[in-house]
Amino acid sequence: MALRNIRKMGDNILTKTCRPVEEMTPRIKELIQDMLDTMYESYGVGLAASQVGVLKRIVVIDIGEGPVVLVNPEIVETSGEQTGDEGCLSVPGKTGTVTRPMYAKVQAFDENMEPVTVEGEGLMARAICHECDHLDGVLYVEHVEGELRDVNYEEDEEE
Ligand code: NI
């Protein structure tokens, strides 16, 4: 297991557009495994390659239903709307209200460069949109309605 350093808001790399993966290599497979390890270690539900300093169009997501690897993802369909709190491993300790589609469908390639179609509602749709934004250099804070707030851990523990 190899953990990578998660870049934080203010780091220029998070504002850059990632480049498509042309072919799978052992090095990129290692990157994907490291991204999964890093996401789980940080209790995140998603991570984009740019967040670990690599400008490639790769995201990993796990909303508690198993790991999903998306290489060169393209959102092909969205519908509905949901408004709720969102956070990001690159913006630690903060949360903000963001409106996203309720449903999202994405076409991508998996870690073997096999085509995959992934769709989801609720948290999965939110994660897909949030992570794909990262690949275009967009952080969720740009979509936040109202103020970015501090996460109140004590309050969470009481719930
Ligand atoms: Ni994020």
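Atoms within each ligand, like the ligands themselves, are counted from 1 in listed order. All values below were derived from every heavy atom in this structure, side-chain atoms included, with hydrogens, water molecules and symmetry-related copies excluded. Not measured: the values here are computed from a predicted model. Counting begins at 1 with the first residue of the sequence.
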Just verifying a value: how many Å separate [X] [atom1] and [Y] [atom2], rounded to the nearest 0.5 Å?
X: Met113; Y: Glu22; atom1: CE; atom2: CD; answer: 8.0 Å
X: Glu131; Y: Ile75; atom1: CD; atom2: CD1; answer: 10.5 Å
X: Asp37; Y: Met39; atom1: CG; atom2: CE; answer: 9.5 Å

Please identify each residue that fulfils side chain to side chain donor-acceptor pair (under 3.5 Å) with Lys29, with sequence neighbours left out. Asn112
Result block: side-chain N/O donor-acceptor pairs under 3.5 angstrom for residues 49-73, not counting sequence neighbours:
{"unit_1": "Gln51", "atom_1": "OE1", "unit_2": "Ala48", "atom_2": "N", "d": "2.9"}
{"unit_1": "Gln51", "atom_1": "NE2", "unit_2": "Ser90", "atom_2": "OG", "d": "2.9"}
{"unit_1": "Arg57", "atom_1": "NH1", "unit_2": "Cys18", "atom_2": "O", "d": "3.0"}
{"unit_1": "Arg57", "atom_1": "NH1", "unit_2": "Leu135", "atom_2": "O", "d": "3.3"}
{"unit_1": "Arg57", "atom_1": "NH1", "unit_2": "Asp136", "atom_2": "OD1", "d": "3.3"}
{"unit_1": "Arg57", "atom_1": "NH2", "unit_2": "Asp136", "atom_2": "OD1", "d": "3.0"}
{"unit_1": "Asp62", "atom_1": "OD1", "unit_2": "Gly64", "atom_2": "N", "d": "2.7"}
{"unit_1": "Asp62", "atom_1": "OD1", "unit_2": "Glu65", "atom_2": "N", "d": "3.1"}
{"unit_1": "Asp62", "atom_1": "OD1", "unit_2": "Gly66", "atom_2": "N", "d": "3.0"}
{"unit_1": "Asp62", "atom_1": "OD2", "unit_2": "Tyr40", "atom_2": "OH", "d": "2.5"}
{"unit_1": "Asn72", "atom_1": "OD1", "unit_2": "Val21", "atom_2": "N", "d": "2.8"}
{"unit_1": "Asn72", "atom_1": "ND2", "unit_2": "Val21", "atom_2": "O", "d": "3.0"}

With 2.8 Å as the limit, jot down which protein N, O or S atoms are around the Ni ion (ligand 1). Cys88 SG, His130 NE2, His134 NE2
Who else is in Val76's hydrophobic cluster (ILVMFWY, side-chain heavy atoms under 4.5 Å, direct or via others)? none
